Amino acid sequence: MSGAETQEKDLDQGESLLAKIALEAELADYSPVKGCMVIRPYGYAIWEQIQSSLDKMIKETGHQNAYFPLFIPESFLQKEAKHVEGFAPECAVVSYAGGKELEEKLVVRPTSETIINYMFSKWIQSYRDLPVLINQWANIVRWEMRTRLFLRTTEFLWQEGHTAHATREEAEVETKKMLGVYKTLSEEYLAIPIIDGIKTETQRFAGAVTTYCIEGLMKDGKSLQMGTSHYLGQNFARAFDTKFQDQNGQLQHVHQTSWGVSTRLIGAIIMTHSDEKGLRLPPKIAPIQIIVVPIYKEQAEKEMVLKKCKELEETLKNDFRIKTDDRDQYSPGWKFNHWEIKGVPIRINLGPKDISSNVVEIVRRDTKEKLKNVPQQDLRQYLLKLSTEIQENLFRQANDFLIKNTFTVKNEKEFAEKINSGGYLICFWCEKTQCEEKLKQKTKATIRCIPFKLPVDQNQEEGYCISCNQKAKQQVIFAKAY
RNA sequence: CGGGAAGUAGCUCAGCUUGGUAGAGCGUUCGUUUCGGGUGCGAAAGGCCGCAGGUUCAAAUCCUGUCUUCCCGACCA
């Protein structure tokens, strides 16, 4: 066991909350290469839960999984002007392989639009071939200056959807549909409330026409982009000549979308739900939903208690991911703390006293509340209800936090006062990039999105730009971001 | 990539100023005692002092370079 000493103290709420929890809860560890991380089994199990929930939704919306290669010819990246401009600085490039210099350098994919378009242009001939709805689970590499576990690593795992459509309308519907899937994933599975909206030009994906996003507010008051969905227009289709013959025999470029979420979501979970005891996982994505801690003194008791634990597991295993911590070398008290750090939503303490009176003791991780003498009959129902309650409570707490930290500001003075304490600022913006830039220079805050819906009620239709004070119709969300 | 801090036992750290046989607590192993919120006692094992050079009779300690982490800026999911 690592970090036993620091585990004894409550975890600090400092800047290093993220790294601390990631390491202590054994989600990840550092690799010898800068900015890279090892995702440890428990962290990977969380990723698998996220994956299986999302993969199901992706398939339900008609997409198929496929796999495109890691290496992309350097020339591909250069075909789309904005795309190359955006990604060139952060690309890792292989120039030497097989014992010699390569004729054409290979880019380690920072995203797969180019290689996928190359393939699409081969596969798409007719309107009858459309739409093409593809998703891939993959790793990608982006050479970042400053890295943080889960939130920004050099290599990370993600899912990238790529679709091609006959019309602009269809592609736009697709873009928003998948953003909706991300919203569902975040709010209903990860228990993280988000603000969904449109990115401004400066924050838009390199090569996209429109970028939609979901943004979450982290415990430290910073905003985290948790997922993006792009309407790519015909930009890549033109660059790669991805054309189809329509019903009138006319050749047209396809309209495309791409969308992705990554292992960053694990960072979001940490930075949204952790408390002084460690991680708190929403039941829907917790690799272990119920941990059973047996309590016993001598051997006879041990056998009796462990047998009862197995029985419990048997009756509950169809409804829950349940595990008994039957390790002999750790005391019950030690186990309590251990599983709290790891964020297991429900703990069942089971000892001789409980068994003799046919009850269990249940401790919920979200509130730390101890529920004594819960009858063993109807336990399944009780736990199902509790599980739902914990899921909802985590969302409610995060949502309250978001609302409490969202402010409407009317002028630059108010803006400057509020922005340093973190949270979201709602204000009018005249839609000029220079106004956005000016505020970024002064305050480090950026427009996270033009929200579809404001998180707090706001009736005004019109106001004055937070920066230049001219009439403005657009209300935007500002925040400091990761 | 700039500014600051750090890297010594599995973990947290002391030792470095002023060079001279590698330290503590926790954890681990064995024994014993315990087990309903991180048990007590006894013994033992465990270290290319991040890496590479240099200075020196002698380097964890001084010098140079380099790698990694953390914090702060410029860039991003």
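Below, read A as the first sequence line, B as the second, and so on, with proteins coming before strands; counting in each chain starts at 1. Since we're looking at a predicted model, the values are computed, not measured.
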Looking only at the side chain of A:Asn337 (C-beta and beyond, no hydrogens), which of the listed nucleotides B:rG37, B:rG36, B:rC76 gets closest?
B:rG37
Salt-bridge criterion met for A:Arg365 and A:Glu340 (N-O under 4.0 Å)
no
NA contact type, A:Lys34, heavy-atom cut-off 4.0 Å: base, sugar-phosphate, or nothing?
sugar-phosphate
How would you label the contact of A:Gly35 with the nucleic acid (heavy atoms, under 4.0 Å): base, sugar-phosphate, or nothing?
sugar-phosphate
Side chain A:Ser357, main chain A:Val359, donor-acceptor under 3.5 Å
no
Tell me what A:Tyr30 touches on the nucleic acid: a base, only sugar-phosphate, or nothing, going by heavy atoms under 4.0 Å.
sugar-phosphate
With a 4.0 Å cut-off, would you call A:Asp354 and A:Lys308 a salt bridge?
no
Under a 3.5 Å cut-off for both distances, is B:rG42 Watson-Crick or wobble paired, and to whom?
B:rC30
Output yes when a side-chain donor or acceptor of A:Thr175 lies under 3.5 Å from a complementary backbone atom of A:Thr257, and no otherwise.
no
For B:rC1, which nucleotide in any strand shown is its Watson-Crick or wobble partner with both distances under 3.5 Å?
B:rG73
Quick test of your reading of the model: are A:Glu361 and A:Lys353 salt-bridged, counting only N-O distances below 4.0 Å?
no
Give every pair of a protein N or O atom and an N or O atom of nucleotides 39-47 of chain B that lie under 3.5 Å apart, one pair per line with the distance.
from: B:rU39; atom 1: OP2; to: A:Ser331; atom 2: OG; distance (Å): 2.8

Whichever of A:Pro89 and A:Asp354 has the more 5' nearest nucleotide on RNA chain B, that residue is A:Asp354
Residue A:Arg148, side-chain atoms from C-beta onward, closest of B:rC71, B:rC35, B:rG36:
B:rC71
Let's test this: given Watson-Crick or G-U wobble pairing with both distances under 3.5 Å, identify the partner of B:rG65.
B:rC51
So what does A:Lys353 touch, heavy atoms closer than 4.0 Å: a base, only the sugar-phosphate, or nothing?
base
Regarding A:Thr154, tell me which of base, sugar-phosphate or nothing describes its non-hydrogen contacts under 4.0 Å with the strands shown.
nothing
Expected output: side-chain A:Ser53 to main-chain A:Gln49 donor-acceptor under 3.5 Å
yes
A:Glu160 side chain to A:Ser112 main-chain N or O, any donor-acceptor pair under 3.5 Å?
yes
Heavy atoms under 4.0 Å, any strand shown: does A:Glu298 hit a base, just sugar-phosphate, or nothing?
nothing
Write down the partner of B:rC13 under the Watson-Crick or G-U wobble criteria, each distance required to be under 3.5 Å.
B:rG23
Can you tell me if A:Arg152 uses its side chain to pair, donor with acceptor, with the backbone of A:Tyr482 under 3.5 Å?
yes
When we call it a touch if two heavy atoms are under 4.0 Å apart, what does A:Glu301 touch: a base, just sugar-phosphate, or nothing?
nothing
What is the nucleic acid contact for A:Leu151, judged by heavy atoms within less than 4.0 Å: base, sugar-phosphate only, or nothing?
base
At under 4.0 Å between heavy atoms, what does A:Phe156 touch on the DNA or RNA strands: base, sugar-phosphate, or nothing?
base
Earlier contact from the 5' end, RNA chain B, for A:Gln441 and A:Leu224
A:Gln441
Determine the contact category for A:Pro352: base if any of its heavy atoms lies under 4.0 Å from a base atom, sugar-phosphate if only primed atoms, P, OP1 or OP2 are that close, otherwise nothing.
base
